[in-house]
2 protein chains.
Amino acid sequence: MTPDAPAPRRRGRPARAASDTGPDARTRILEAARTEFAERGYDKTSVRGIARAAGVDSALVHHYFGTKDEVFAAAIELSFEPALLVPAVLEGGTDDVGERLARAFIGIWENPTTRAPLLAVLRSALTHEAAAKVLRSFVLRRLLERVAASLDIPDATFRAELAASHMVGIAIVRYVLRAEPLASAPPEKIVAMVAPTLQRYLTEPSA
Amino acid sequence: MTPDAPAPRRRGRPARAASDTGPDARTRILEAARTEFAERGYDKTSVRGIARAAGVDSALVHHYFGTKDEVFAAAIELSFEPALLVPAVLEGGTDDVGERLARAFIGIWENPTTRAPLLAVLRSALTHEAAAKVLRSFVLRRLLERVAASLDIPDATFRAELAASHMVGIAIVRYVLRAEPLASAPPEKIVAMVAPTLQRYLTEPSA
């Protein structure tokens with residue numbers, strides 16, 4: 001996370017290194033923010049802590065991102081990057097879009113690297129209104145509206161959101177609550193059951 | 001909550017009133033526990049705090065329920081009491097069971113009195129493994145297995161859990177994240193879309 005090895009930690013204000021500016025520092029701050037929010041939760045994460053983890057001054061975090069909420073929004077965007085591939089799934093036509101969407105979603109959650117930050121965002125949003133607000137506006141703006149725009153169906157945003165709700169519910173029961181038998185079911189078994197549901201929500205106007 | 005008005009609060013160990021034993025005290029402890037867990041969350045609730053709210057000695061809480069986890073389990077059972085009506089929905093036959101189940105579920109969540117404790121349980125379970133464990137065993141034992149037992153279909157528990165996951169996801173997106181348009185959709189619109197999904201999960205073996 002800090003490949004260019006900044007000065008070792010010491011008490012007080014960290015030394016300002018040559019790498020304190022530019023795209024490297026920005027990326028380092030963002031990755032530190034994602035890790036801090038994921039490990040400590042929204043409440044216990046501070047701009048100061050993010051700065052420390054990234055090896056930069058707090059002022060630089062404010063300079064690049066603004067308030068804690070704005071850093072959180074940026075960290076969410078980073079965590080949701082794999083999910084942003086989902087709208088691309090829709091470009092393959094609607095014939096088996098339910099199955100492709102279910103498989104893309106389960107794939108993102110089955111991978112521990114992409115799952116951990118998503119879980120952290122979800123936990124924060126469920127317990128802190130500020131985090132919920134960020135997720136709400138981000139999810140709406142970036143995901144649902146994109147998905148809906150590619151659907152030729154009335155109530156497209158509502159339907160996309162119902163499909164997303166189903167996926168969120170499965171993620172919670174399978175990966176957070178870990179309730180059996182869903183927790184240990186093979187991914188393909190879940191895809192097979194869920195695909196027709198998503199297919200109906202996203203493509204059948206009369207349903 | 002304390003109809004028989006115990007002695008007014010004062011510092012130190014509360015006085016042991018005549019109402020400290022018997023079903024009244026037990027009910028009072030349970031309702032105090034539900035309120036404390038709902039308002040403070042799992043982490044910040046203590047047996048001592050529950051005892052104080054119920055106007056009894058901590059020892060009596062331990063006597064009736066055992067550890068904090070066991071009080072939490074009992075509070076969950078109380079919070080889920082409305083949900084325990086759900087298996088009864090299945091007794092009306094399978095013809096339109098999806099619609100009846102969707103309507104029963106939305107009804108429980110639309111009512112603020114039954115929603116608040118369910119939300120509290122969900123939030124606790126998503127952030128504390130001890131709470132998740134209690135919910136996991138309770139939900140499996142009391143709800144899913146009862147629903148599954150009344151279904152004449154292979155993989156009945158898996159299917160009941162998929163249906164429950166969908167409902168949990170809708171509850172989170174609609175009532176916790178409050179993401180539009182789902183947050184403001186009329187309940188009947190949600191029931192109409194979700195009913196065929198539940199119907200398929202719970203009754204169609206080939207699906």
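Chain A is the first sequence line, chain B the second, and so forth, proteins listed ahead of strands; every chain is numbered from 1.
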Interface residue of largest heavy-atom contact number with chain A, from Gly169(B), Ala131(B), Ala171(B), under 4.5 Å: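 Among the listed options, the one with the most contacts to chain A is Gly169(B).
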If you look at every heavy atom in Ala185(A) and Phe158(B), which pair is closest and at what distance?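 So the minimum-distance heavy-atom pair works out to CB-CE1, 3.7 Å.
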So which atom in Val173(B) and which in Glu161(A) form the shortest heavy-atom distance, rounded to 0.1 Å?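 The pair with the smallest heavy-atom distance is CG1-OE2, 3.3 Å.
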In Å and rounded to the nearest 0.5 Å, what is the CE to CG distance from Met193(A) to Leu162(B)?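 So the CE of Met193(A) and the CG of Leu162(B) are separated by 5.5 Å.
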Going from CZ on Arg200(A) to CZ on Arg200(B), what distance comes out if it is rounded to the nearest 0.5 angstrom?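 Between Arg200(A) CZ and Arg200(B) CZ, I get 8.0 Å after rounding to 0.5 Å.
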Does the plane of the ring in His166(A) sit parallel, tilted or perpendicular to the ring in Tyr201(B)? Use 30° and 60° as the thresholds.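 Correct class here is tilted.
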Can you tell me which portion of Ala125(A) sits under 4.5 Å from chain B's heavy atoms? Options are side chain, backbone, both or neither.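 Both parts, backbone and side chain.
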Does atom CZ of Arg115(B) have more than 12 heavy-atom neighbours from other groups under 6.0 Å away?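 Buried by this count: over 12 neighbours within 6.0 Å.
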I'd like to know if the side chain of Arg136(B) and the backbone of Leu177(A) have a donor-acceptor N/O pair within less than 3.5 Å.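 Such a contact is found between Arg136(B) side chain and Leu177(A) backbone.
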Check side chain to side chain contact (heavy atoms under 4.5 Å, CB included) between Val176(B) and all other residues, then give those that pass, not counting sequence neighbours.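 Leu126(A), Leu119(B), Arg123(B).
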Test item: [X] and [Y] side chains (from C-beta on) under 4.5 Å apart, heavy atoms:
X	Y	answer
Lys133(B)	Arg178(A)	no
Asp155(A)	Lys189(B)	yes
Ser165(A)	Ile172(B)	no

Can you name the residues that form a side chain to side chain donor-acceptor pair (under 3.5 Å) with Arg174(B), not counting sequence neighbours?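 If we apply the side chain to side chain donor-acceptor pair (under 3.5 Å) test to Arg174(B), skipping adjacent residues, the hits are Glu110(B).
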Among Leu182(A), Val194(A), Ile190(A), Val168(A), single out the residue with the greatest number of heavy-atom pairs under 4.5 Å to chain B.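 Result: the option with the highest number of such pairs is Leu182(A).
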